[in-house]
Every structure is written in structure tokens, then in C-alpha cells.
Asker: 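What follows is a single structure, and I will ask about it in a moment.
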Amino acid sequence: MSAINGGISFWYATDGIPAPREPLPGDRTADVVIVGGGYTGLWTAYYLKKAAPFLDITVLESRFCGYGASGRNGGWLYNGIAGRDRYAKLHGQDSAVRLQRAMNDTVAEVVRVAAEESIDADIHQGGVLEVAYGPAQLARLKAFHHAEAAFGEKDRVLLGARETAERIRVSGAVGSTWTPHGARIHPVKLLKGLAAAVEALGVTVYESTPVTEIRPQHAVTPYGTVRAPYVLRCTEGFTASLKGQRRAWLPMNSSMIATEPLGPEVWDAIGWAGRETLGDMAHAYMYAQRTADDRIALGGRGVPYRFGSRTDNDGRTQPATIEALREILVRFFPQLAGVGISHAWSGVLGVPRDWCASVTLDRTTGLGWAGGYVGSGVATANLAARTLRDLIQRDSGQSGPTDLTALPWVDHKVRAWEPEPLRWLGVRGMYAAYRAADLRELRSPRVATDRVARAADRVAGRR
């Protein structure tokens, strides 16, 4: 049986496309208009309405809530945040430690709200296990582990080959690091439950309503304009479709496959009883989870970028990408060589030029935005939303500064991406270099990271 290719994602295939909400019926006014019905937009609406029930909040979504990365991701609710090391250089170690602690707490916050709102999102708090192959990856893993400890993760554990196999028997793994600050989720179940909770609070959500332009106090659509003192851009990988935003955040492509359900004898061979989310220390890294119905859902970069910041068509994935992800699956678990792949899909994530997530409210215009999560958005979107809430409450005089408004990613400025064809050549070349470096490292006894990968990091602005 061939894999179902696209159809938004495996998560929608198992939980169903939601019933459509009405589009914007014409010009409207609001206190806050949020552009984008993914995690960032919905969490922001949720926390704002909870804090100030009198606010008239409108959410505008171009397709349906969760159509983008929120409905296509790997289901990693974890404490990683893009740009923390750079924030340590810009604002000091203590400031970055506060940011990391806020992310650690965010994992528990999402779990708390899901329970409070009776959202059954297949959440399992098994932590995050990241494994290493070979000397170079092991050296990076140890450095990564010690760096995380320096940012306050005292409960992180470094594991050898035998201890790693006791958790998950990844073929050839020579070590791993595990943090408890992570959980497996079904991203669409979380998204749908959050959307329902937002509407129950009295937030108005319009779907099939693409916003073509954002300007101070205006969100412009083909069906009318919503005017509000605060206009918040929460569009992540689809930001480039907005007028004037073509080079703001690059829409990086990520692809996934899901196996058919695996029987008890397979899990006896693999382990994975703790249902940790699973990653590795490759430059072109992978990410995976054991789903609630006992599949493996596994992802990686595939075709990393489409010329002109274009996005995919309903998640369709190239056959070569599906085969490349299957090869990773079988390298990790050789006993799965004959297993069927039931679903394949793709989505885009937002990547700023300096690879730093950020959250901003321009107090002179009322324009705000959050994103640039570089693939770590499931939890980061929640922290960003609570920060946007605090920034709006501070600006409107409802409260003063808070711990969240003082975090170093607030009001971070970043330059635009290069024009085409430079960004297409740069991104495609970068990931070609990373894949080649991964192959050389697997075949080499050297401990040092491949010099081509180090050069690619510098050119990309990741170091």
C-alpha cells in the first residue's frame, strides 16, 4: 500500500479536517485583531481574553485554524528555543538563563491548560532523548549537554550507549542526553481543543479569510478590513505572503512520514516504553515520536526551501524525500526495513536571518508579532503568546512590566533575508553541505565537527 501523500498531515488524517468556520462578512472593528489561527494566534487570544474578558478580539485565518505548522509538526512539546545562545552574547548569560527557565516552565503550562480545558491531546510526558552516532556527534552531544546544564538544566542526564539502549534501542547509538522538559502530543488535537476554548471565551474566529496587508490599526482582507488599536501578526512560515514581508522570515520546509501501526513484538525489540520524543545530533537532524496508536512519526528537512519563498500545496511531499526519511528510519531501527509507510506530509516553519525567535510590540503603531521559531514552536508559541498578552496590557495601562516582558527576545531586531536567487542558493547549499558533513562524520573516526558544517553555520548566521 502506497503512502497517503499530503492531505495536510497524518494528524488531520487521524482526527479529521475541522468543520469550516465562516469567513469575515465585511468591515469590522475590534480591540485586538490577530492574523493567523495557529498556536501563536490562538494562545494569544486565549491569554488575552482570560486576562481581560472585556476585550473584543478577532482572529483571521487564511484557510482553517491549524492549516500551517501547528497542524503538521512532529508533536514535540519541549523546552528548546531558537536563538538562546545569541541572546546570551547580546544580553548576558543571566538573561538567557531566565529565558531558558521560562521555556522549561512553558512545557508544564501547556500541559496544565490542556487539563484545565479538558483537551485530550495524547500528551505523554516522557521527556526528550537526543542520541549521537560516532565520535563527532558524541563530542557535540557532550558539549550540548554541558551547555544546557550551564543554562540551568540541572535535571538533564547524560547517558552512555548501554543506558541509551535501555530507553530506546537505536542501532549504533553511542550515547544520548535526556531532559524531562518535554512531552509527546497529537498537535491537531491540541489545536482543535485550543480553538474551541478560545471561542468558548467569546473570541471571534473567521476562517477562509486571507489577510493581504497589515498596517497600523488595519488588517486588510478581500472581504473587508478589521480595524483595531492592536494588530498582531502570528503567521510564522506563511509571513512571506503578506505585503512587504517577503524577506522577513524564510519559510523553511520540513517533511514527515508515519509508519503503519507496529505490533507488540516490534516494540519489544525497539524498546521506547517511555515514549520519549527522539532526536539526534546530525547537522541535518531528525525528530520522531511514538504515537498514541503505536506508529513512529519521523521528520527531517527534505527539500529545505522553495524559490521565491513559496509554500507547499496541502503538504504534498516529493518521493525522494519520503525515501530519504525511510532510510533514516531504517538506519535507526533496522528491523523496520519492511514496514509500511502510511502517510507523508510537509509544512513550513519561520526562520529569521539570525535564527532567533522573537516577540515584539511596537508601542507607536500598535503592531505586534511573534515567531521565527525555527521548528521549536509547539511550546515557544505559548510563551510568545503570554508575552504578547503582557506587552499589550503594559501598553494599554492595565499592568506594568512583568518577568516575561523583560526576557531578552522581546523587541529583538533582525535584518531581512537576501533577495533571490541568493537566499535560494544559500539555503540549498547550506543543507547540501550539512548532509555531506553528516555522511563524512559517520564514516570517520575523527572527534572534531566537519569543517564544512562549521563553515555553513557561519555563513548561515547560526554561530
Side-chain angles (χ1 to χ4, degrees), residues 27-61 81 83 87 90-91 95 98-99 102-103 105-106 109 113 194 198 201-205 211 213-220 225-236 239 242-245 248-249 350 352 356-373 377 380-414:
D27 291 344
R28 288 289 186 273
T29 60
D31 296 314
V32 180
V33 58
I34 296 169
V35 181
Y39 286 143
T40 305
L42 292 176
W43 278 124
T44 301
Y46 178 85
Y47 286 112
L48 270 172
K49 194 68 172 176
K50 280 277 194 176
F54 56 85
L55 287 177
D56 181 0
I57 301 173
T58 295
V59 175
L60 302 176
E61 165 55 42
I81 184 166
Y87 287 129
L90 292 173
H91 303 281
S95 183
R98 288 190 288 107
L99 180 59
M103 280 304 306
D105 294 342
T106 294
E109 169 67 7
V113 174
L194 178 58
V198 162
L201 290 172
V203 173
T204 303
V205 180
V211 173
E213 182 182 1
I214 292 173
R215 59 177 187 264
Q217 301 185 17
H218 295 74
V220 181
T225 296
V226 181
R227 294 170 173 81
Y230 297 103
V231 183
L232 306 181
R233 189 187 80 215
C234 303
T235 48
E236 191 57 358
T239 299
L242 292 166
K243 183 177 180 180
Q245 300 297 324
W249 289 340
C356 291
S358 62
V359 56
T360 296
L361 179 66
D362 185 335
R363 303 181 76 172
T364 63
T365 63
L367 297 177
W369 56 91
Y373 304 133
T380 313
N382 178 278
L383 178 62
R386 287 182 284 129
T387 306
L388 279 173
R389 171 202 61 195
D390 288 4
L391 289 170
I392 287 175
Q393 289 202 288
R394 182 185 69 178
D395 184 70
S396 61
Q398 297 173 51
S399 72
T402 68
D403 290 343
L404 297 186
T405 62
L407 291 175
W409 69 331
V410 173
D411 295 334
H412 176 68
K413 304 294 191 298
V414 61

Asker: Whether the Asn382 and Tyr47 side chains hold a donor-acceptor pair (N or O, under 3.5 Å, no angle test) is what I'd like checked.
Answerer: yes
Asker: Of all the heavy-atom pairs spanning Gly37 and Val59, show the shortest one and how long it is.
Answerer: CA-CG1, 4.1 Å
Asker: Between Leu404 and Leu383, is there a side-chain heavy-atom distance shorter than 4.5 Å?
Answerer: yes
Asker: About how many Å separate CD1 of Ile392 and CD1 of Ile57, when rounded to the nearest 0.5 Å?
Answerer: 8.0 Å
Asker: What is the distance from atom CD1 of Ile214 to atom NZ of Lys243, rounded to the nearest 0.5 Å?
Answerer: 12.5 Å
Asker: Test your reading of the model: is there a side-chain donor-acceptor pair from His412 to the backbone of Val410, 3.5 Å cut-off?
Answerer: no
Asker: For the pair Asp56 (side chain) and Ala30 (backbone), establish whether a donor and an acceptor sit closer than 3.5 Å, ignoring hydrogens and angles.
Answerer: no
Asker: Using modelled atom types and a 3.5 Å cut-off, is there a donor and acceptor pairing between side-chain atoms of Asp27 and backbone atoms of Thr225?
Answerer: yes
Asker: Can you spot which of Thr387, Leu232, Leu391, Asp411 makes a side-chain contact (heavy atoms from CB on, under 4.5 Å) with Thr360?
Answerer: Asp411
Asker: Classify the side-chain pair Ser396/Tyr230 by whether it contains a donor and acceptor separated by less than 3.5 Å.
Answerer: no
Asker: Got Val231 and Pro216 here, is their nearest side-chain heavy-atom distance under 4.5 Å?
Answerer: no
Asker: What do the steps show when you test Cys356 against Tyr87 for side-chain contact (heavy atoms from CB on, under 4.5 Å), and what is the final call?
Answerer: CA-CA 8 Å; Cys356 291; Tyr87 287 129; 3.7 Å; yes
Asker: Please step through side-chain contact (heavy atoms from CB on, under 4.5 Å) for the pair Arg215 and Val220, ending with a clear verdict.
Answerer: CA-CA 8 Å; Arg215 59 177 187 264; Val220 181; 3.5 Å; yes
Asker: Closest heavy-atom contact between Trp249 and Ser358?
Answerer: CZ2-OG, 4.5 Å
Asker: What pair of heavy atoms forms the shortest contact from Ala52 to Gln398, and how long is it?
Answerer: CB-OE1, 3.6 Å
Asker: Find out whether Leu367 and Arg233 are in side-chain contact, i.e. whether some heavy atom of one side chain is under 4.5 Å from a heavy atom of the other.
Answerer: no
Asker: I'd like to know whether Tyr373 forms a side-chain contact (heavy atoms from CB on, under 4.5 Å) with Tyr39, so could you lay out the CA-CA distance, the side-chain angles of the two residues, the decisive distance to 0.1 Å, and finally the verdict.
Answerer: CA-CA 12 Å; Tyr373 304 133; Tyr39 286 143; over 6 Å; no
Asker: Between atom OG1 of Thr380 and atom CD1 of Ile81, what is the distance when rounded to the nearest 0.5 Å?
Answerer: 5.0 Å
Asker: If I compare all heavy atoms of Pro352 with all of Gly350, which pair ends up nearest, and what's the gap?
Answerer: CD-O, 3.8 Å
Asker: Taking the side chain as every heavy atom from C-beta outward, state whether Leu242 and Val211 have any atom pair closer than 4.5 Å.
Answerer: yes
Asker: Do the side chains of Arg386 and Glu109 get nearer than 4.5 Å, heavy atoms only?
Answerer: yes
Asker: For a 4.5 angstrom cut-off between non-hydrogen side-chain atoms, does Trp369 reach Thr239?
Answerer: no
Asker: Could you check if a side-chain atom of Arg28 sits within less than 4.5 angstrom of a side-chain atom of Val33, using non-hydrogen atoms only?
Answerer: no
Asker: Examine distances only and state if a side-chain atom of Lys49 and a backbone atom of Leu55 form a donor-acceptor pair shorter than 3.5 Å.
Answerer: yes
Asker: Quick one: pull up OH in Tyr46 and CZ in Arg389 and give me the separation to the nearest 0.5 Å.
Answerer: 10.5 Å
Asker: Shortest non-hydrogen contact from Asp390 to Ser399?
Answerer: O-OG, 4.4 Å
Asker: Can you see which heavy atom on Val198 is nearest to which on Leu42, and at what distance?
Answerer: CG2-O, 3.4 Å
Asker: Thr402 side chain to Thr405 main-chain N or O, any donor-acceptor pair under 3.5 Å?
Answerer: yes
Asker: Using atom types as modelled and distance alone, determine if a side-chain donor or acceptor of Glu236 lies under 3.5 Å from a backbone N or O of Gly372.
Answerer: yes
